Amino acid sequence: METSGKVIKCKAAVAWEAGKPLSIEEVEVAPPKAHEVRIKVLATGICRSDDHVLSGCISTVHFPVILGHEAAGVVESVGEGVTDLKPGDKVIPLFVPQCGECTSCQHPRNNLCVKNDLGKHRGLMADGTTRFTCRGQQIHNFLNTSTFTEYTVVEEIAVAKIDDAAPVHKICLIGCGFSTGYGAAVNTAKVEPGSTCAVFGLGGIGLSALIGCKVGGATRIIGIDINKDKFAKAKELGATECISPQDYKKAIPEVLLAMTDGIGVDYAFECIGHVDTMMAALQSCRVGCGTCVVVGVSPAADQISFNPKLIVTGRTLTGSVFGGWKSKDCVPRLVSDYMAKKFNLDGLVTHTLPFDKINEGFELLRTGKSIRSILVF
Ligand code: CND
Ligand code: ZN
Ligand code: ZN
């Protein structure tokens with residue numbers, strides 16, 4: 001059936017309010033307006049950031065909302081003025097867009113296009129409305145993407161065309177988890193051969209940072225997690241040692257110092273989202289040149305305070321969103337690199353579930369049983 005130009009009725013997981021399970025509903029998805037693209041979502045991952053919204057930890061997001069920001073699909077139709085995409089193209093929606101024109105897009109080291117919706121969480125398209133309606137009510141977008149739905153509409157600056165042959169059930173992770181962690185290591189930290197790295201948190205993001213450390217040539221990669229069930233996969237992906245804070249009386253920075261002859265690590269990645277582990281990661285870094293990269297998202301009101309001696313003595317505290325990648329340029333290249341076997345992210349997918357089991361997927365994440373669950377339609 002020709003759907004172009006028409007409202008599509010389809011299945012979506014609507015978050016009506018925080019603290020409640022998602023509700024599978026029939027939603028109406030309006031056709032794309034000028035410079036917008038309607039995408040049939042084929043596979044979408046569950047990232048901890050989606051859960052942060054549901055748990056109320058990112059309190060600025062407006063409900064009701066369709067969450068999800070890590071997906072792959074095909075273009076169903078395009079709005080007026082869209083020239084670089086056509087129906088049938090395989091694509092990845094981009095939770096950090098790339099307009100190509102703003103001061104951030106023009107800056108060689110800045111990937112945070114001013115058209116991102118990360119801090120403000122307007123949850124609306126550029127014209128101030130959304131394309132989703134359910135039970136007569138407008139439903140908000142999430143991070144320019146909203147992928148927990150069979151069809152979504154995104155701005156053309158928030159979609160990357162990728163290799164037609166790429167397996168959507170795996171490379172959907174390039175939409176967030178993989179690229180975020182991997183880029184934190186290869187772009188933000190620029191891990192060098194021979195270095196020692198520590199990865200705090202061995203979920204989808206942390207394990208991707210670990211893959212990046214390995215690709216960067218790190219000789220020692222220490223994984224840290226309170227859930228020891230994560231250690232086997234971490235070792236499979238390149239961790240040389242794994243430790244749990246619960247096995248030590250001493251704090252983790254002291255343990256890491258002892259493990260490195262008092263030197264500390266060259267690079268530490270915080271992939272959890274707690275301010276205390278962010279501090280621990282910074283304190284674990286080598287004096288004079290160690291770098292701590294914050295990737296985890298902490299509750300909106302949390303603050304860090306620390307003794308400036310930690311950084312005046314040459315440590316660097318930094319962070320990145322979406323691994324520092326300029327999204328529209330880099331996502332197609334990351335997919336090509338995956339196809340060329342420059343890295344393997346398949347091990348991050350622990351569960352593949354039908355879309356209707358989305359709440360089960362969230363439960364697997366919350367109970368620490370999954371790395372990434374992929375929902376398929
Ligand atoms: P996930 O929950 O899968 O992984 C977190 C891991 O940390 C789990 O294995 C936990 O067991 C472990 N953990 C929890 N508490 C501790 C602790 N105190 N000490 C050691 N380990 C602990 O989450 P994820 O990998 O999907 O996401 C990780 C963070 O990254 C999360 O905060 C998410 O919101 C954030 C993120 C950032 C970005 C970005 O662009 N910067 C994009 N997406 C997600
Ligand atoms: Zn994410
Ligand atoms: Zn821009």
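Everything numeric here is computed off the predicted structure, so don't read it as measured data. Residue numbers run from 1 in the order of the sequence given. When a ligand or atom number is given, it counts from 1 through the structure's own listing order.
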### Message
Which residue is it: Val96, Ile92, Ile157, Asp84? I am looking for the one with a side-chain contact (heavy atoms from CB on, under 4.5 Å) to Lys328.
### Response
Asp84
#### Entry: Polar atom proximity, Cys271 to ligand 1 (N or O, under 3.5 Å)
no
### Query
Please state which protein non-hydrogen atom is closest to atom 34 (O) of ligand 1 and give its distance, to 0.1 Å?
Ser49 OG, 2.8 Å
### Query
Is Asp225 salt-bridged to Lys230, going by a charged N under 4.0 Å from an acidic O?
no
### Query
Quick one: which ligand 1 atoms are inside 4.0 Å of a heavy atom on Cys176?
42 (C), 43 (N)
### Query
With under 30° as parallel and over 60° as perpendicular, where do the rings of His69 and Phe95 fit, or are they tilted in between?
perpendicular
### Query
Of all the atoms in ligand 1, which lie at a distance below 4.0 Å from a heavy atom belonging to His52?
31 (C), 32 (O), 33 (C), 34 (O)
### Query
Quick one: angle Cys47 SG - the Zn ion (ligand 2) - His69 NE2, to the nearest 10°?
110°
#### Entry: Cys113 SG and Cys102 SG subtending at the Zn ion (ligand 3) (10° steps)
120°
### Message
Tell me which one of Val61, Thr130, Asn144, Asp117 satisfies side-chain contact (heavy atoms from CB on, under 4.5 Å) with Arg122.
### Response
Asp117
### Query
Would Phe178 and Phe343 count as a ring-ring contact (aromatic ring centres under 6.0 Å, His included) if you check the C-alpha gap in whole Å, the side-chain angles of each, and the deciding distance to 0.1 Å?
CA-CA 10 Å; Phe178 177 75; Phe343 53 77; 4.4 Å; yes
### Message
Using a 4.0 Å cut-off to any heavy atom of Gly204, which atoms of ligand 1 qualify?
### Response
3 (O), 25 (O)
### Task
Examine the side chains of Thr129 and Gln138 and answer whether a donor and an acceptor come within less than 3.5 Å of each other.
no
### Query
Which option out of Leu143, Leu118, Ile272, Ile371 puts a heavy atom nearest to atom 22 (C) of ligand 1?
Ile272
### Query
Under 4.0 Å between a Lys/Arg side-chain N and an Asp/Glu carboxylate O for Arg135 and Glu25?
yes
### Message
Looking at Glu363 and Arg366, is there a salt bridge between them, counting it only when a charged N and a carboxylate O are closer than 4.0 Å?
### Response
yes
### Task
For atom 7 (O) of ligand 1, state which one of Gly201, Gly203, Gly273 supplies the nearest heavy atom.
Gly201
### Message
Quick check on contacts: which atoms of ligand 1 are under 4.0 angstrom from a heavy atom of Cys47?
### Response
43 (N), 44 (C)
### Query
Taking both backbone and side-chain atoms of Lys230, is any N or O found less than 3.5 Å from an N or O belonging to ligand 1?
yes
### Lys33 and Glu80 ion-paired at < 4.0 Å
no
### Query
With only distance considered, is Phe95 within less than 3.5 Å of ligand 1 through an N or O on each side?
no
#### Entry: Identity and distance of the protein heavy atom lying nearest atom 40 (O) of ligand 1
Phe322 N, 2.9 Å
### Task
Starting from atom 37 (C) of ligand 1, find the nearest protein heavy-atom neighbour and note its residue, name and distance.
Val295 O, 3.1 Å
### Task
Number the atoms of ligand 1 from 1 as they appear, then name those within less than 4.0 Å of a heavy atom of Thr180, with their elements.
38 (C), 39 (C), 40 (O), 41 (N), 42 (C)
### Task
Could you tell me whether Lys369 and Asp229 have a side-chain N and a carboxylate O separated by less than 4.0 Å?
no
### Summary
Logged contact type for Leu365 with ligand 1, heavy-atom cut-off 4.0 Å, is side chain
#### Entry: Closest approach of any protein heavy atom to atom 2 (O) of ligand 1, naming residue and atom
Arg48 NE, 2.7 Å
### Task
Could you verify whether a donor N or O on one side chain and an acceptor N or O on the other, from Arg315 and Thr313, lie under 3.5 Å apart?
yes
#### Entry: Option set Asp225, Leu348, Thr277, criterion heavy-atom distance to atom 18 (N) of ligand 1, minimum
Thr277
### Message
For a quick check under 3.5 Å, do Glu254 and Tyr248 share a side-chain donor-acceptor pair by atom type?
### Response
no
### Task
May I ask whether Ser320 places a heavy atom under 4.0 Å from ligand 1?
yes
### Of the listed options Leu202, Ile224, Asp229, Ile205, closest to atom 24 (P) of ligand 1 (non-hydrogen atoms)
Ile205
#### Entry: Atoms in ligand 1 flagged as close to Asn227, the criterion being non-hydrogen separation under 4.0 Å
11 (O)
### Task
Taking only heavy atoms of Gly296 into account, list the atoms of ligand 1 that are under 4.0 Å away from them.
29 (C), 30 (O), 32 (O), 35 (C)
### Query
Would you say the side-chain atoms of Gln98 and Asp329 include a donor-acceptor pair closer than 3.5 Å?
yes
### Query
Is any NZ, NE, NH1 or NH2 atom of the basic residue among Lys170 and Asp346 found under 4.0 Å from an Asp or Glu carboxylate oxygen of the other?
no
### Task
Considering only non-hydrogen protein atoms, determine which one is nearest to atom 26 (O) of ligand 1 and report residue, atom name and distance to 0.1 Å.
Arg372 NH1, 2.8 Å
